[in-house]
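Numbers here are sequence positions counted from 1.
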Amino acid sequence: FRAEALLDAFDPKQIVRLDFASMELKEGHKAMSSDFAMLVALAARGWRVYPWREAAENMAKRGIPTGKEALEDFAKRYPAYNPEAAFQHNRKEHYTSPVAPAEDALIRRVRPHPAQVSCHG
């Protein structure tokens, strides 16, 4: 059902119904972050959102402790920690790359167009 949820929630017909301009006025720039926007899109369609183990973070760059007790404590403090996860925290080698022209044309449809469309975190 995860693919169904994503395809449904991120369908352009559904996204266009979300009032991100008002959310940005109330919440500021964080309303334009993917962390916030993805949850809003899924919740607006009635999908239950909870952490998916395989979508957790591989936090190798956070200084993961090596001792057994320290590692257990780290995992308790950071429930998203998953050393087998595909996502690696701070892996941002393309964050300064320009957006492809076809995708940039889609971004430009958002009114008012945000001053920047870069990572905020």
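Contact detail for Phe20 and Ala31: the closest heavy-atom pair is CD2-O, 3.7 Å. Contact between Lys30 and Phe36 at its shortest, heavy atoms only, is O-CB, 3.3 Å. Of all non-hydrogen atoms in Ala9 and Ile15, the two that sit nearest each other are O-CD1, 3.4 Å. A pairwise comparison of heavy atoms in Gln14 and Asp8 identifies CG-O, 3.3 Å as the closest pair. Contact between Ala44 and Leu18 at its shortest, heavy atoms only, is CB-CD2, 3.6 Å.
A salt bridge links Glu72 with Lys68; the closest basic N to acidic carboxylate O contact falls under 4.0 Å.
The hydrophobic clustering, which links ILVMFWY residues whose side-chain heavy atoms are closer than 4.5 Å, places Val16 and Phe10 apart.
Within the model, atoms CZ of Arg17 and CG of Asp11 stand 10.5 Å from one another, a figure rounded to the nearest 0.5 Å. The CZ atom of Phe74 sits 12.0 Å away from atom OG1 of Thr66, with the distance rounded to the nearest 0.5 Å. Annotation: the span from Arg45 atom CZ to Leu6 atom CG amounts to 13.0 Å, rounded to 0.5 Å.
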Which is it for Leu71 and Ile64 under the side chain to side chain contact (heavy atoms under 4.5 Å, CB included) test, yes or no, and what are the steps along the way? CA-CA 7 Å; Leu71 186 56; Ile64 299 169; 3.5 Å; yes

